[in-house]
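Here the structure is laid out as structure tokens; the discussion comes afterwards.
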Amino acid sequence: MPTTPDAPRPRLTRDRVIDAAVAIMDSDGADALTFRSLGRTLDVDHTAVLRHFRNKNDLLLALADRLLREAVGAIEPSNDWRETLRVLGHSVRSACRTHPHVAVAVAGRTVRSEAEFAGADLVIGALLSAGIEGAEAASYYRALVDVALSYAALEAAIATLPADDLAADRLAWSREYQSVDPDRFPNLASVAEHLPDVDDQDQFEVALGLFIDAIEVRASR
């Protein structure tokens with residue numbers, strides 16, 4: 001219901017600002033997010049936003065935390081450590097695909113929030129269940145998170161491309177890659193016919209599965 005001129009404005013909170021920031025980025029991209037655009041969206045002076053976020057970096061960390069909260073959410077560890085890692089990886093991917101501009105803008109940030117700690121606890125718990133401990137667990141945790149987030153951010157970046165550019169890139173697998181000179185690129189030519197059939201879902205499953213398999217092999221040593 002629209003507000004009347006005499007109706008009080010909703011109180012400005014951190015969550016309202018974050019909601020507005022996500023909406024702006026989902027609609028218009030990362031470059032559209034400024035404190036002035038937030039002020040216009042929230043119908044407040046932009047300086048009011050600065051009472052909740054000191055600067056753009058502070059706001060981006062809050063957006064990264066929101067993305068992590070969506071990803072970690074209600075995930076509970078499984079009795080099967082492989083399943084825990086698989087579910088968490090897909091959940092991270094889903095959150096990034098839902099908000100691709102946010103994912104690209106905050107890729108690689110260390111958020112140091114409850115959501116990030118919860119995700120770390122899930123991953124490390126799975127690694128401990130697999131038999132990976134101590135320094136190895138710390139190293140594998142960082143590597144697994146980097147692989148999952150990097151792939152999800154890559155997909156998010158692709159999702160933000162103009163439609164014509166994206167279509168041309170995808171067409172390359174069935175056009176340019178099919179016409180490579182087999183004398184110059186014999187190995188590539190031997191599998192080129194299969195490349196168009198590799199879709200995004202396959203590739204994420206392959207990357208995540210390879211990493212999980214590697215953990216199991218190393219744990220068995």
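The chain is numbered in sequence order, starting from 1. A quick note: this is a predicted structure, and the numbers were derived from the prediction, not measured.
- A side-chain donor-acceptor contact under 3.5 Å links Thr41 to the backbone of Ser37.
- Leu208 and Gly89 get closest at one heavy-atom pair: CD2-CA, 4.4 Å.
- Taking both residues in full, the closest heavy atoms of Ala62 and Ile18 are given as CB-CD1, 3.8 Å, listed atom of the first, atom of the second, then distance.
- The backbone N or O of Val147 lies less than 3.5 Å from no partner atom in the side chain of Ser150, so there is not a single donor-acceptor pair.
- Within a 6.0 Å radius of CG in Asp197, more than 12 heavy atoms belonging to other residues, nucleotides or ligands are found.
- Around atom CG of Asp31, no more than 12 heavy atoms belonging to other residues, nucleotides or ligands sit under 6.0 Å away.
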Could you walk me through whether Asp146 and Arg142 pass the salt bridge (charged side-chain N to carboxylate O under 4.0 Å, His left out) test, one step at a time?
CA-CA 6 Å; Asp146 287 348; Arg142 292 284 299 272; 5.1 Å; no

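- Counting only distance, with no hydrogens or angles, the side chain of Arg93 and the backbone of Ala152 share no donor-acceptor pair below 3.5 Å.
- Scored by the side-chain contact (heavy atoms from CB on, under 4.5 Å) test, Phe185 finds Val180, Leu188 as partners (sequence neighbours excluded).
- No side-chain donor-acceptor contact under 3.5 Å links Ser129 to the backbone of Trp81.
- Between the side chain of His52 and the main chain of Leu12, a donor-acceptor pair closer than 3.5 Å is present.
- No donor-acceptor distance shorter than 3.5 angstrom exists from the side chain of Asp202 to the backbone of Val198, with no hydrogens or angles considered.
- There is a side-chain donor-acceptor pair under 3.5 Å between Asp45 and Thr47.
- What you find for Ala105 and Leu60 is that their closest heavy atoms are CB-CD2, 4.4 Å.
- Hydrophobic clustering of Ile, Leu, Val, Met, Phe, Trp and Tyr side chains at less than 4.5 Å, counting indirect connections, unites Val72 with Tyr151.
- Only one option out of Arg175, Arg170, Gln178 pairs with Pro196 in a side chain to side chain contact (heavy atoms under 4.5 Å, CB included); it is Gln178.
- Side-chain atoms of Ser220 come within 3.5 Å of backbone atoms of Val217 as a donor-acceptor pair (strictly under, hydrogens ignored).
- Nearest heavy-atom pair, Leu61 versus Val111, reported as atom, atom and distance to 0.1 Å: O-CG1, 3.6 Å.
- More than 12 non-hydrogen atoms from other residues, nucleotides or ligands lie less than 6.0 angstrom from CD of Glu83.
- Between the side chain of Arg112 and the backbone N or O of Thr110, at least one donor-acceptor pair lies under 3.5 Å.
- A donor atom on one side chain and an acceptor atom on the other are not found under 3.5 Å apart for Ser91 and Ser94.
- Taking a 6.0 Å sphere around CG of Asp181, one finds it holds more than 12 heavy atoms contributed by other residues, nucleotides or ligands.
- Between Arg86 and Asp80, none of the side-chain N atoms (NZ, or NE/NH1/NH2) sits under 4.0 Å from a carboxylate O, so this pair counts as no salt bridge.
- If you chain together hydrophobic residues whose side chains sit under 4.5 Å apart, Leu149 and Ile124 fall into the same group.
- Heavy atoms of other residues, nucleotides or ligands lying less than 6.0 angstrom from OH of Tyr177 number 12 at most.
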